[in-house]
Amino acid sequence: YRPLTAPALRLALIAGARRVIAARDGLNRINVFPVADGDTGNNLASTLGSVLNGALSQPSQHAGDLLSRVGNDAIDGARGNSGAILAQFLYGVAERVRTLPELDSSSLAAAVRQGAQSARQALAQPVEGTILSVISAFADELEAAAGEVDAPADTRSGFARALDRARRALADTPRQLALLQKAGVVDAGAQGFVDLLEGIAEFVEGGPRAVRMRGSAPPAANDATDPLGHDHDIDPARRWCTECLLLGEGLDRERLRTALEAVGADSIVIAGGASRLRVHAHTGSPQALFDACAAQGQVEGMKADDMVRQQTTAGLAQSLVIVTDSAADLPEDIAERYAIGVVPARVDLDGRDYLDKVGLSTAEFYRRMAASRQLPRTSQPPPGISVGSSSSRSRTMRACCTWACRARCPARCSRASTPRHATPGHACACSTLSMPRAGRRCWSGARRNSPHRGRARARWWRNWSACAR
């Protein structure tokens, strides 16, 4: 039999991640549970983008080591509810096989089973009809295939059976969750997991060529289908989708979960291990959540998204958006009226970071400054956060980033089914470009890199003219 080697595993995971990123907009449109904020596709793409640009960007000869790095990168880059669950699944898979240089059907099935259990344990209140149900179904079938007396040690046949079971479980999600049935959609996170498996299956069937050649170029700006409308209201008392990375030694997941519940958080997902935890929750006070985490370790990578505003913006057909940072002191009613994105600046007080006006109100800022041992320091949001905020709202911005990315690294991005700039975690030219510079790179990319220059320039002009207006 042929074992699953690290090089083959790496290429299979690349194919799966690209498949999810290519399906991002469709996943956003069917996002209903736990809240209809239209960002499941973005979150899964960002999570897998961190893996693509980390562990999967370097060759490996040891399957266990590769999966360990994949799991760690997924935890560090996890975004959203589904992204955190997927990250914990990958982390759990790695925990089982980190010492194995190659995988057979039995070791793969055991690893996936542990990943499924880890993903379920990451949630305070697991719900059926979600990505958890599909992961469990996939693990069940993979385990059953590996346990048969005459089962081949090759992983391919068992994987094909398990993928078919996962597809059936995905189709069952509306019958398990009333919200999905009412909206007439399957669960977006579960669909993203099946997309990942289907991308892997494409590599298994088509080999490395499937990684390079799958699909066509991404759609131009303003070409995507309008998002579906969902009437699932978001609880205004827990309107902030809040996340952070918690670092320390001997971190206790249950103790942390109890502390988060005590500050009124729900939709809690805690992924990772004893020294590194990715925390996701919905709350009415992001800073209260960050403070609860800070009591147990070092808090990094804070993020808080207003889901009410996300839901409102997702229903708008916007070709152009405005994004500023909190230093502008934009009145809240103006930002709401014109759907302006406000990215919080970072404030440092006594060695701790805060999110301006999101995790730290003006009154609280002055109170803490009075008790601080040193004057506060501020910094601008990371460029990738600003680009991510605008690209999640504007198809034009995503199209501009496409051309900017290809202009800087055509050898790596021009053949990809979906350029890796699409994820906020992608370390590429577009993550630091202003809009005018992005436009110039759009033009240079269209002029230099396209074999059909006339059509490329026309496409650039259509994409960029919306921004220029």
Side-chain angles (χ1 to χ4, degrees), residues 13 16-17 20-21 24 27-28 31 34-35 37 39-56 67-95 115-116 118-124 126 130-132 135 187-190 192-193 195-196 240-248 251 253 256-257 260 265 267-283 286 289-290 293 297-305 307 310 382 384-385 388 392 420 422-427:
L13 290 172
V20 175
I21 293 170
R24 176 181 59 182
L27 296 175
N28 286 338
N31 178 199
V35 291
D37 51 355
D39 66 353
T40 292
N42 292 339
N43 292 336
L44 289 174
S46 179
T47 303
L48 292 171
S50 296
V51 177
L52 276 176
N53 297 313
L56 298 182
L67 286 172
S68 294
R69 290 187 286 116
V70 165
N72 289 333
D73 287 343
I75 293 295
D76 287 352
R79 290 280 299 272
N81 190 288
S82 294
I85 294 171
L86 178 61
Q88 184 63 15
F89 168 75
L90 295 172
Y91 188 87
V93 168
E95 284 287 291
S118 295
R120 191 169 289 271
Q121 291 166 1
L123 275 76
T130 64
I131 185 174
L132 291 176
I135 290 176
D187 181 67
F193 183 73
D195 287 338
L196 176 69
W240 294 99
C241 178
T242 310
E243 296 175 354
C244 66
L245 187 65
L246 183 61
L247 307 178
L251 297 174
R253 187 181 305 185
L256 177 59
R257 180 175 287 125
L260 299 183
S267 296
I268 299 171
V269 184
I270 304 175
S275 62
R276 202 175 199 87
L277 291 175
R278 168 63 64 177
V279 179
H280 166 278
H282 296 168
T283 181
L289 185 142
F290 296 144
C293 292
Q298 179 183 345
V299 177
E300 293 185 358
M302 296 178 296
K303 181 187 77 71
D305 292 331
M307 295 181 292
Q310 280 182 327
I385 299 295
S392 67
R420 289 177 293 135
T423 65
H426 176 41

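Residues R278 and G77 approach most closely at NH2-N, 4.1 Å, considering heavy atoms. Looking at every heavy atom in both residues, V279 comes nearest to L289 through CG1-CD2, 4.5 Å. The shortest heavy-atom contact between T40 and S82 is CG2-OG, 4.0 Å. The two residues R79 and S46 make their nearest non-hydrogen contact at CG-OG, 3.4 Å. In plain terms, the two heavy atoms of V35 and N31 that are nearest each other are O-ND2, 3.4 Å. In terms of heavy-atom proximity, G83 sits nearest to A78 at O-CB, 3.8 Å.
Two residues are said to be in side-chain contact when any heavy atoms from C-beta on lie closer than 4.5 Å; L13 and V51 fail this criterion. Using a 4.5 Å cut-off on side-chain heavy atoms (C-beta onward), L245 and I75 make contact. Between E95 and S118 the shortest side-chain heavy-atom distance does not fall below 4.5 Å. Within the 4.5 Å cutoff, side-chain heavy atoms of L52 are placed close to those of I21. Residues L86 and L196 have side chains in contact (heavy-atom distance under 4.5 Å, counting atoms from C-beta outward). No side-chain heavy atom of Q88 sits less than 4.5 Å from a side-chain heavy atom of V269. Looking at P286 and K303, their side chains never come closer than 4.5 Å, going by heavy atoms from C-beta outward. The shortest distance between side-chain heavy atoms of Y91 and N72 falls below 4.5 Å.
Atoms CD1 and CZ, from I131 and F89 in turn, are 8.5 Å apart once rounded to the nearest 0.5 Å. Summarising the geometry, atom CD1 belonging to I270 is positioned 9.0 Å from atom CG belonging to L246; distances are rounded to the nearest 0.5 Å. Atom-to-atom distance recorded for D305:CG and H282:NE2 is 9.5 Å, nearest 0.5 angstrom. A distance of 13.5 Å separates CG in L27 from CZ in F193, rounded to the nearest 0.5 Å. Here D39 contributes atom CG and M307 contributes atom CE; the two are 9.0 Å apart, rounded to the nearest 0.5 Å. Taking CG from L123 and CD1 from I85, the interatomic distance works out to 4.5 Å, rounded to the nearest 0.5 Å.
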Could you go through the side-chain contact (heavy atoms from CB on, under 4.5 Å) check for L260 and C293 one step at a time? CA-CA 8 Å; L260 299 183; C293 292; 4.1 Å; yes

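The side chain to side chain donor-acceptor pair (under 3.5 Å) search around R253 returns none, not counting sequence neighbours.
A donor-acceptor pair under 3.5 Å is formed between the side chain of H280 and the backbone N or O of S267.
Side chains of N43 and N81: a donor-acceptor N/O pair is absent below 3.5 angstrom, by distance only.
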